[in-house]
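For reference, the structure is listed below as structure tokens.
Every number for a ligand or one of its atoms is a count from 1 in the order of the listing.
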Amino acid sequence: MKFVNSYKDKLRKYNKEHNLKYYIDTMGCQMNENDSLKYAGILESMGFVPGGESDSNVYLFNTCCVRENAENTLFGRLGMLKQRKIKNEEVYIAIVGCMTQQKHILDKIKKSYRFVDIVLGTSCMSIFPEKLYNAIINGQDKIEYIDVSNTLEEDVPIKYQDKYKASVSIIYGCNNFCTYCIVPYVRGRERSRRPESILKDIRELASNGYKEIMLLGQNVNSYGNDFEEEYTFPMLLKEIEKIDGIEIIRFMSPHPKDFKDDLIEVIRNSKKVARQIHLPLQSGNTEILKKMNRKYTKEQYLELAMKLKQIPDVSLSTDIIVGFPNETEEQFQDTLDVVKKVEFDQIYMFIYSKRNGTVAAKMEDKVTYEEKVDRLERLKKLYEEILPKLNEKMVGKEYKLLVEGKSKTNDKLYTGRTSQNKVVVFEADDTYIGKVVNIKIDSQHLWYLKGTIVK
Ligand code: SAH
Ligand code: SF4
Ligand code: F3S
């Protein structure tokens with residue numbers, strides 16, 4: 001579905017006189033961040049300009065509900081804006097994204113946060129301009145529930161913040177229904193973007209000087225499963241590889257169950273695909289994995305991870321959930337065991353969070369919260385023992401790196417990430433920004449490395 005904005009001129013005209021500023025607050029994953037760039041693109045095409053957290057007029061909250069805590073954050077922030085509404089300041093509030101796809105959230109907004117102007121779910125950017133127009137020109141819009149729309153919106157304007165690296169969504173939604181996860185319920189079924197559209201976007205980015213691309217999807221290696229013809233994620237990667245100007249290609253997340261040898265081959269033979277692969281583990285125990293509906297065993301995961309580690313210089317990152325309902329100490333030990341064997345360079349760790357409506361929410365759970373926190377701490381400790389050893393192995397070697405900009409803490413230093421996604425700081429000057437250089441690693445400092453540009 002092509003994105004058409006028939007309210008663009010009308011709101012542009014209004015903004016010529018009123019100069020309304022917008023502020024976007026993004027929660028959640030990179031898919032949401034990518035969506036927020038599109039909301040920024042839509043708003044700017046209608047004449048809104050970026051503003052600050054306290055002096056803006058249009059506030060857009062792009063929400064996440066994958067774990068518990070986000071709700072309180074959202075409602076706290078809304079409370080503050082209410083004061084400005086009461087003072088009759090020109091303030092409009094839009095809540096969009098995953099959280100609003102849940103009925104209980106919508107009911108709460110309707111009941112206690114009537115001052116909110118717009119509520120939209122996922123995949124409904126096309127109706128955002130109309131809703132905004134109604135809120136600004138016609139007074140408050142009616143808040144209604146919008147069912148997960150399984151549409152695919154193309155040609156939405158997008159406003160990238162970085163100048164050299166950009167994210168590109170390739171597939172929306174999820175069909176996997178891992179039992180703990182709310183995403184399939186709030187993002188709908190898998191919809192792959194046509195390869196022509198993706199390639200067109202990336203070619204355009206390359207011609208505008210972008211060097212690094214991050215391909216996004218809840219399960220990127222399901223890409224193309226919904227096409228009639230045979231077109232797979234590895235095939236797409238091969239096409240992107242051919243685009244001049246693009247030097248680093250990243251993607252997230254692949255699902256281990258769908259990580260086939262053809263993908264490994266494409267990565268191995270590629271000069272551009274980053275030597276970092278995010279391979280979500282979730283649990284290292286086969287019974288828990290079965291209860292999670294992950295469709296792989298501990299052994300299958302280990303086999304895949306070891307195959308990937310044979311690609312020279314590859315680093316692996318992962319997501320782990322501790323404290324899934326009734327996870328025993330022995331089962332948790334399996335997770336630690338996999339972490340020890342695979343030696344991940346990066347681990348995103350989460351305590352299991354019960355999400356209403358999912359299958360796991362109905363499972364009995366005798367594990368106390370204290371025990372879950374303790375497991376998280378032990379996992380963290382193990383990771384922090386492994387990480388310096390991995391970093392140490394990089395010292396003395398040379399790596400490809402995109403110079404991103406100045407270090408935030410030291411004016412004389414610059415930063416970038418290696419293909420392995422390791423943060424490196426080094427001496428340089430502004431002419432290096434946006435260039436891909438070779439860097440030699442001099443020392444490791446747990447969360448970052450120090451290096452010297454070689455050429
Ligand atoms: N599609 C991606 C993950 C999306 S959600 C994948 O399959 O890897 C990002 C991460 O949040 C997940 O990998 C998982 O580790 C975590 N997560 C999802 N649901 C969760 C829950 N109910 N409690 C705790 N962590 C959760
Ligand atoms: Fe959630 Fe599983 Fe889909 Fe990832 S693959 S979004 S964890 S249901
Ligand atoms: Fe959150 Fe939605 Fe992403 S629930 S993790 S923002 S897909």
Side-chain angles (χ1 to χ4, degrees), residues 24-36 39 61-71 73-74 95-102 105 120-123 148 167 169-191 215-223 225 251-259 277-284 288-289 291-296 301 316-325 327 335 344 346-363 365 367 369 372-373 375-376 379:
I24 300 181
D25 189 335
T26 310
M27 303 158 198
C29 64
Q30 299 204 30
M31 305 283 283
N32 249 23
E33 278 171 24
N34 187 266
D35 284 350
S36 286
Y39 276 111
F61 295 89
N62 192 6
T63 59
C64 169
C65 54
V66 82
R67 288 171 292 273
E68 227 159 357
N69 40 36
E71 277 179 33
T73 317
L74 172 72
I95 308 178
V96 304
C98 299
M99 202 190 278
T100 63
Q101 297 285 180
Q102 301 169 292
I105 293 288
L120 285 179
T122 56
S123 297
V148 189
S167 58
S169 293
I170 62 164
I171 174 167
Y172 298 96
C174 182
N175 290 359
N176 290 318
F177 289 94
C178 303
T179 56
Y180 50 81
C181 185
I182 194 82
V183 171
Y185 302 90
V186 296
R187 285 265 172 178
R189 295 296 68 72
E190 282 171 0
R191 288 98 69 199
L215 306 171
L216 295 177
Q218 292 303 346
N219 180 3
V220 287
N221 39 14
S222 290
Y223 178 78
N225 284 353
F251 55 84
M252 83 185 273
S253 296
H255 194 301
K257 78 175 164 63
D258 299 314
F259 215 115
I277 295 156
H278 187 67
L279 195 63
L281 168 67
Q282 313 301 1
S283 163
I288 293 286
L289 286 167
K291 286 193 191 166
M292 286 178 161
N293 193 30
R294 289 292 287 180
K295 301 200 170 80
Y296 52 85
Y301 184 94
L316 294 182
S317 60
T318 200
D319 290 353
I320 293 175
I321 298 176
V322 301
F324 186 79
E327 178 191 60
T335 298
F344 297 103
Q346 222 174 346
I347 308 180
Y348 299 90
M349 334 174 180
F350 311 104
I351 292 180
Y352 167 77
S353 171
K354 181 176 167 181
R355 306 282 70 207
N356 283 335
T358 62
V359 173
K362 295 187 200 81
M363 293 179 186
D365 189 5
V367 192
Y369 187 70
K372 295 183 191 210
V373 173
R375 285 180 196 169
L376 187 80
L379 175 59

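With hydrogens and angles ignored, the 3.5 Å screen pairs no side-chain donor or acceptor of Asn32 with any backbone N or O of Thr26. With hydrogens and angles disregarded, no donor-acceptor distance shorter than 3.5 Å links the side chain of Asp25 to the backbone of Phe61. Judged purely by atom type and a 3.5 angstrom limit, Asn176 has no side-chain atom pairing as donor or acceptor with the backbone of Arg294. No donor-acceptor pair closer than 3.5 Å links the side chain of Thr358 to the backbone N or O of Ile182. Looking only at distances, no side-chain donor or acceptor of Asp258 sits under 3.5 Å from a matching main-chain atom of Asn221.
Of the candidates Gln346, Gln282, Met349, Gln282 is the only one forming a side-chain contact (heavy atoms from CB on, under 4.5 Å) with Asp319.
With values rounded to the nearest 0.5 angstrom, Thr63 atom OG1 is found 8.0 Å from Ile105 atom CD1. Going from atom OG1 of Thr318 over to atom CG of Leu316 covers 8.5 Å, rounded to the nearest 0.5 Å. Atoms SG and CD, on Cys64 and Glu71 in that order, are 10.5 Å from each other to the nearest 0.5 Å. With rounding to the nearest 0.5 angstrom, the OG1 atom of Thr122 is 15.0 Å from the OH atom of Tyr185.
Below 30°, between 30° and 60°, or above 60°: for Phe324 and Tyr352 the angle between ring planes is above 60°, a perpendicular geometry. Aromatic ring pairs are classed by plane angle as parallel below 30°, tilted from 30° to 60° and perpendicular above 60°; the pair Phe251 and Phe259 is tilted.
The nearest protein atom to atom 1 (Fe) of ligand 2, hydrogens excluded, is given as Cys181 SG, 2.3 Å; this is a heavy-atom distance. Shortest contact from atom 4 (Fe) of ligand 2 to any protein heavy atom: Gln218 O, 4.3 Å. Scanning the protein heavy atoms around atom 4 (S) of ligand 3, the nearest turns out to be Cys65 N, 3.4 Å. Ranking protein heavy atoms by distance to atom 5 (S) of ligand 2, first place goes to Asn176 ND2, 3.4 Å. Among protein heavy atoms, atom 7 (S) of ligand 2 sits closest to Tyr180 OH, 3.3 Å.
The contact set between ligand 2 and Pro184, taken as ligand atoms under 4.0 Å from a residue heavy atom, comprises 8 (S). For ligand 2, the atoms lying closer than 4.0 Å to a non-hydrogen atom of Phe177 are 8 (S). Short contacts between ligand 2 and Cys174, defined as distances under 4.0 Å to a heavy atom of the residue, involve ligand atoms 3 (Fe), 5 (S), 6 (S), 8 (S). The distance from ligand 2 to the heavy atoms of Arg294 drops below 4.0 Å at these ligand atoms: 2 (Fe), 7 (S). Near Val183, with a cut-off below 4.0 Å to any heavy atom, the atoms of ligand 2 are 6 (S).
Residue Cys178 touches ligand 2 through backbone and side chain together, judged by heavy-atom distances below 4.0 Å. The residue Pro280 has no part lying near ligand 2, judged by heavy-atom distances below 4.0 Å.
Protein residues having a heavy atom under 4.0 Å from any atom of ligand 1 are Val66, Arg67, Tyr180, Gln218, Ser253, Pro280, Gln282, Arg294, Asp319, Ile321, Phe350, Ile351, Tyr352, Ser353, Arg355, listed by chain and number.
Nearest heavy-atom pair, Gly97 versus Asn62, reported as atom, atom and distance to 0.1 Å: CA-OD1, 3.5 Å.
Within a radius of less than 2.8 Å around atom 3 (Fe) of ligand 3, the protein N, O or S atoms are Cys29 SG.
Residues Pro280 and His278 meet the side-chain proximity criterion, which asks for heavy atoms closer than 4.5 Å. Between Val220 and Ile170 the shortest side-chain heavy-atom distance falls below 4.5 Å.
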